[in-house]
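Keep in mind that what you see is a predicted model, and the values were worked out from it rather than measured. No hydrogens, no waters, no symmetry mates; every other heavy atom, side chains included, goes into these values.
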Amino acid sequence: MQIADGREKFLFELQHGEGRSPNTVVGYRSLIKRYERFLAVQALPTTVEAQTAQLLQAYLKGMSDAGNKRSTVDHAYTVISSFFAWAVRSELLNRNPARSFRRKRAPRPMPRAVQPGEVLRQLGSMGRNRFRCIDSRDRMAVLLMLYTGARVSEACAMTWSHVLWERGMVVIPQTKGGDADERHVPLPEVLRHALQRHKAALATTFPDCPWLIPSRGGNRITKDEISQSFRNRSWMTAHVLRHTYATMLLRAGVNVRKIQAYLGHRSLETTARYLAVLDTDAADDAVAIDRAFAI
């Protein structure tokens, strides 16, 4: 199969299977096309089955020699590796060529977090307009990500069955990072009350809707629909909420290894970028989260 044909199949799965935004798909298409052009110009094999670690390394070296930023080269590696991983799942490749070598990645900037009180004040200032149901949906999406550390893709995939009311837990379907398919995080009381109100409001419009954060039509929402609400409110991003959640857990005294599990990080090093290892532990993490987020 030619890379061009595999590329479109991969991108279709990325958008419709994983719920990636159209902008993400456009970016992935552009980067894979650049790799295809490199192979064609160098008269190298352009079929998926013929791809090797040596070809990818030559491409990445060419990008570096051309003066591309290290972070740009890293991103190209990540995208092409994702494409190769799809090829392995589709039985076009026996193994992912990108996994045959490791790139020493550029240092990542420290994540930015905000005070939860600032987020809640901004939520309170959201105007009530004729799109009231959408405004309410956006508010609930922000609260969900703020109090659980869920990624946007994970919030899109959550249903009411993921809320374990009796156990005081929220099950988050893992879409990135760790090896598990899902992870369990504490359900603080402030989020419990917000979810109960949200569920009661949804029952009047979409009584049989299983999605925790539904689209305008009551179907599964896409990443782009939620991300659009953040583009309209420049004071924060979805990932800032995730960093804020981690910071508040630290302040609450939750052990860093628990924070790693709650965030779904495969490596403790990822968590340790902005968290320090503490010797203390929290007897009741849900209560601790309520205390940390208290204004």
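Side-chain contact between Cys156 and Glu225: absent, with no pair of heavy atoms (C-beta onward) separated by less than 4.5 Å. Residues Thr222 and Ser215 form no side-chain contact, since every pair of their non-hydrogen atoms from C-beta on lies 4.5 Å or further apart. Residues Val152 and Met145 form a side-chain contact, since some pair of their non-hydrogen atoms from C-beta on lies under 4.5 Å apart. Contact of the Tyr59 side chain with the Leu39 side chain is not registered, since no non-hydrogen atoms from C-beta on lie closer than 4.5 Å. In this structure the side chain of Leu31 never reaches within 4.5 angstrom of the side chain of Ile80, judged on heavy atoms.
With rounding to the nearest 0.5 Å, the separation of CZ in Arg137 from CD1 in Ile226 is 7.0 Å. Going from atom CG of Leu14 over to atom CZ of Arg7 covers 13.0 Å, rounded to the nearest 0.5 Å. For the atom pair Lys223 NZ and Glu154 CD, the distance stands at 9.5 Å (nearest 0.5 Å). The CZ atom of Arg29 sits 12.0 Å away from atom OG1 of Thr24, with the distance rounded to the nearest 0.5 Å. Once rounded to the nearest 0.5 Å, the distance linking CD of Gln2 with OG1 of Thr47 reads 6.0 Å. Note that CZ of Phe10 and OG of Ser82 are 5.0 Å apart. Values are rounded to the nearest 0.5 Å.
When all heavy atoms are compared, the tightest approach of Ala98 to Leu56 is CB-CD2, 3.7 Å. Ser100 approaches Arg95 most closely through the heavy-atom pair OG-NH1, 2.7 Å. Shown here for Trp86 and Met1, the closest heavy-atom pair between the two residues is CH2-SD, 4.4 Å. For Ala155 against Leu144, the heavy-atom pair with the smallest separation is CB-CD2, 4.0 Å. A pairwise comparison of heavy atoms in Arg220 and Ala157 identifies NH2-CB, 3.6 Å as the closest pair. Closest heavy-atom contact between Phe38 and Leu55: CE2-O, 4.0 Å.
Cluster annotation: Leu195 and Leu164 are assigned to distinct hydrophobic clusters (Ile/Leu/Val/Met/Phe/Trp/Tyr, side-chain heavy-atom contacts under 4.5 Å, transitive). If you chain together hydrophobic residues whose side chains sit under 4.5 Å apart, Trp160 and Met158 fall into the same group. There is no path of hydrophobic side-chain contacts, each under 4.5 Å, that joins Phe12 to Ile3. Under a hydrophobic-cluster definition in which Ile, Leu, Val, Met, Phe, Trp and Tyr are linked whenever side-chain heavy atoms come within less than 4.5 Å, directly or via other members, Leu143 and Val171 are assigned to different clusters. Criterion: ILVMFWY side-chain heavy atoms under 4.5 Å apart, direct or through other members. Under it, Tyr245 and Val163 are part of a common hydrophobic cluster.
The aromatic rings of Phe84 and Tyr35 lie perpendicular to each other, with more than 60° between the two planes, well past the 30° mark. Tyr28 and His75 have perpendicular rings, their planes meeting at more than 60° on a 0 to 90° scale where under 30° would count as parallel.
For the pair Asn68 (side chain) and Met63 (backbone), a donor-acceptor distance under 3.5 Å is present. Under a 3.5 Å cut-off, the side chain of His193 and the backbone N or O of Val190 do not form any donor-acceptor pair. Of the possible donor and acceptor atoms, one in the side chain of Arg192 sits under 3.5 Å from a partner among the backbone N and O of Trp165. Side chain of Arg242 to main chain of Leu263: a donor-acceptor pair is present (N/O by atom type, distance under 3.5 Å, no hydrogens or angles). Remark: the backbone N or O of Val26 is not paired with any side-chain donor or acceptor of Ser30 at under 3.5 angstrom.
Within 6.0 Å of the CG atom in Asn94, the count of heavy atoms belonging to other residues, nucleotides or ligands does not exceed 12. Heavy atoms from other residues, nucleotides or ligands lying under 6.0 Å from CZ of Arg167 number 12 at most.
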Acceptor/donor pairs from residues 198-211 side chains to any protein atom, 3.5 angstrom cut, sequence neighbours excluded:
unit_1 : atom_1 : unit_2 : atom_2 : d
His198 : NE2    : Leu212 : O      : 2.9
Thr204 : OG1    : Ala201 : O      : 2.7

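Checked by atom type, the side-chain pair Glu36/Thr46 shows no donor-acceptor distance below 3.5 Å.
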Could you walk me through whether Leu191 and Met140 pass the side chain to side chain contact (heavy atoms under 4.5 Å, CB included) check?
-> CA-CA 9 Å; Leu191 180 59; Met140 190 64 247; 3.8 Å; yes
